[in-house]
Amino acid sequence: MDIDTVLWSRLVTGMTLGFHVIFATLGVGVPLMIAIAEFIGIRKKDPHYILMAKRWSRGFVISVAVGVVTGTAISLQLALVWPNFMKLAGNVIALPLFMEVFAFFFEAIFLGIYLYTWDRFKNPYKHWLLTIPIVAGAGMSAVFITTVNGFMNQPEGFTMEGGVFTAVNPVQAMLNTATFSKVFHVLSSAYLTGAALLAGIAAFTILRKGVSGYHKKALNLMMAVVMVFGLLNTLAGDVSAKFLAEHQPEKLAAAEWHFETESGADLILLGWLNAEHEIIGALHLPKLLSFLAYGDFNAEVTGLNKFPLDEQPPLLVHYLFDLMAGIGFALLGISLLYFLFVFWNKRNEFNKWLLRVIALSAPLAFLGVELGWFYAELGRQPWILRGYMRVEEAATTSPSVRILFFLFLLLYIVLGTVCVFVLRRLFRNNPVETEMEKWKQHAGDKTTVNGGRS
């Protein structure tokens, strides 16, 4: 029986990326939170913040271990599932792929030193300085791999001769037109998601055990970070929309169900399409798409019908785009509401409904990242390398790709199960209260907890 190798190749890649992006996001976002917590702990001489950094770094190590395996799986599936793509573009993307691995090892070396040198320095700022290369390595790892995705959307830095890339300039390929907007969006969303996760854990713990000094401070700190990166992520989304309008208008048009080229184009939210591609039940925001695309309410926005039918992205990306953007605005709104309650004396920021919403924001943030990546990939269809190679041209023709799918599926089930099990054992058997008591015993009379009253 013949199998659709292109479909199975898509499934392998979608599953691999969908699983890996969880740990990649943690790997980029959490180190910055660790660095912020330790710095505040040192400045305030507050052991609660120091303990946050210690506990978060332990969980982070587990996510790094899983991320190594899933990252290796992505490299493997690129060669096995998309051999024609690698044959064409392998010499172009080799540099950023190598640099991504180098950045990871750079991060891992300093992470090991960081973990094993707690309380080894008389000046605690020397230990904190170790977080800088960790944060930088994690961020640069994301930057380098994102340049590969940017290249796939906006191929540059080569000459095409006889179906082969020649005169390759890998630096120019890395610094392609798409790089800035994509890197900005990826980093801001990773930091936003990392903060939302840790805020959600603090809120969930308060719901279960009540307010404590440690969790109160963790929640306040992380909600502040959510607010900052929520604003930056909104700006990144605006930059991305303007990039798409200029360089990938078909992707923006598909996301907004904007079929006819017109000035003063409406922004379409929600809704659905009938069989005749008529939009039903949507919210039309007058002229807002023109403003989003060009900063001008009367600007002309290219419609999807201007492109050949076989080069149009699937229209379901509209739902992905709406949900992704909606989650981003929701996270920002939740953080603003939280601080409204903090500063509005008649309200209690620790009421159960608000805490439940904050706890829910953690999985919502990861869902937003997943939707964003699927929108990025599906919105580029039918191209794997925009304008040069279609997906069906790049995919393997081997029927073994179906077996590969189930092997990767088994791997991810095992990895996910082990990760959850280890994290539960790591923190459930070693609660904050026990660690604080040990810390006080170790520090003796020198310990002074600033603002630790609950």
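Reckoned from all heavy atoms, side chains included, excluding hydrogens, waters and symmetry mates. None of these values were measured; they are calculated from a predicted model.
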(request) Evaluate side-chain contact (heavy atoms from CB on, under 4.5 Å) for T147 paired with M99, printing each intermediate quantity in order. (result) CA-CA 11 Å; T147 64; M99 293 301 293; over 6 Å; no
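- Note: L129 CG to F39 CZ = 10.0 Å, rounded to the nearest 0.5 Å.
- With rounding to the nearest 0.5 angstrom, the CG atom of L283 is 9.5 Å from the CG atom of D322.
- Nearest heavy-atom pair, G379 versus P313, reported as atom, atom and distance to 0.1 Å: O-CG, 3.4 Å.
- Distance check: S335 OG to L192 CG gives 8.5 Å after rounding to the nearest 0.5 Å.
- Listed for the W373 side chain is no donor-acceptor partner under 3.5 Å among the backbone atoms of G18.
- Side-chain atoms of N176 and T179 include a donor-acceptor pair closer than 3.5 Å.
- Sorted by first and then second residue, the side-chain hydrogen bond (donor to acceptor under 3.5 Å, both in side chains) pairs involving residues 131-144 (not counting sequence neighbours) are E100-S141.
- Side chain to side chain, N149 and E377 meet the donor-acceptor criterion of an N or O pair below 3.5 Å.
- Side-chain atoms of S290 come within 3.5 Å of backbone N or O of A265 as a donor-acceptor pair.
- Closest approach of A195 and M222 over heavy atoms only: O-CB, 3.7 Å.
- Counting heavy atoms from C-beta on, the side chains of E156 and L175 never come closer than 4.5 Å.
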(request) Please assess F151 against M174 for the test side-chain contact (heavy atoms from CB on, under 4.5 Å), listing each intermediate value before the final yes or no. (result) CA-CA 7 Å; F151 171 77; M174 288 171 58; over 6 Å; no
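- Side-chain contact between H215 and K209 is absent, with no heavy-atom pair separated by less than 4.5 Å.
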(request) Check step by step if side-chain contact (heavy atoms from CB on, under 4.5 Å) holds for E250 and Q248. (result) CA-CA 6 Å; E250 75 282 3; Q248 287 184 273; 4.3 Å; yes
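- When side chains are defined from C-beta on, L198 does not count as touching M52, because their heavy atoms never get closer than 4.5 Å.
- Expressed to the nearest 0.5 Å, how far CE of M15 lies from CG of L404 amounts to 8.0 Å.
- Here the side chains of F184 and L235 are in contact, with some heavy-atom distance below 4.5 Å.
- The distance from the CZ atom of F291 to the CG atom of D296 is 9.0 Å, given to the nearest 0.5 Å.
- Counting non-hydrogen atoms of neighbouring residues, nucleotides and ligands closer than 6.0 angstrom, the OH atom of Y125 exceeds 12 such neighbours.
- In F329, the CZ atom is not crowded: 12 or fewer heavy atoms of neighbouring residues, nucleotides or ligands sit closer than 6.0 Å.
- Under the 3.5 Å distance criterion, the side-chain polar atoms of T13 are left unmatched by any main-chain donor or acceptor of R10.
- A side chain to side chain contact (heavy atoms under 4.5 Å, CB included) with Y191 holds for exactly one of V30, V28, V228; it is V28.
- Annotation: side chain of Q77 is in contact with side chain of W82 (closest heavy-atom distance under 4.5 Å).
- Within a 6.0 Å sphere centred on CZ of R43, heavy atoms belonging to other residues, nucleotides or ligands number 12 at most.
- At a threshold of 4.5 Å between non-hydrogen side-chain atoms, the residues L32 and V225 do not count as touching.
- L207 CG to N351 CG: the interatomic distance, rounded to the nearest 0.5 Å, is 9.5 Å.
- Atom CZ of F98 has 12 or fewer heavy atoms from other residues, nucleotides or ligands within 6.0 Å.
- A side chain to side chain contact (heavy atoms under 4.5 Å, CB included) with H258 is found for exactly one of V301, T302, L267, D266, namely V301.
- Contact check for V69 versus L411: side-chain heavy atoms found under the 4.5 Å cut-off.
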(message) ring-ring contact (aromatic ring centres under 6.0 Å, His included), that's the test. Do F106 and F110 meet it? Break it down for me.
(response) CA-CA 7 Å; F106 180 79; F110 282 95; 5.1 Å; yes
(request) Go through the steps to decide whether V21 and F374 satisfy the test side-chain contact (heavy atoms from CB on, under 4.5 Å), and finish with yes or no. (result) CA-CA 11 Å; V21 75; F374 276 98; over 6 Å; no
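- Across every non-hydrogen atom of T70 and Y412, the tightest pair is CG2-CE2, 4.0 Å.
- Counting all heavy atoms, side chain and backbone alike, A142 lies closest to L187 at CB-CD2, 4.0 Å.
- Counting only heavy atoms from C-beta outward, the side chains of I42 and I50 approach each other to under 4.5 Å.
- Taking all atoms of both residues into account, the shortest heavy-atom contact from H318 to A254 is CB-O, 4.0 Å.
- Residues Y49 and A37 approach most closely at CB-O, 3.2 Å, considering heavy atoms.
- Of the N and O atoms on the side chains of Y338 and N220, at least one donor lies less than 3.5 Å from an acceptor on the other residue.
- Side chain of K216 to main chain of I206: no donor-acceptor pair is present (N/O by atom type, distance under 3.5 Å, no hydrogens or angles).
- Although no hydrogens or angles enter the test, the distance criterion places a donor-acceptor pair under 3.5 Å between the side chain of R380 and the main chain of I384.
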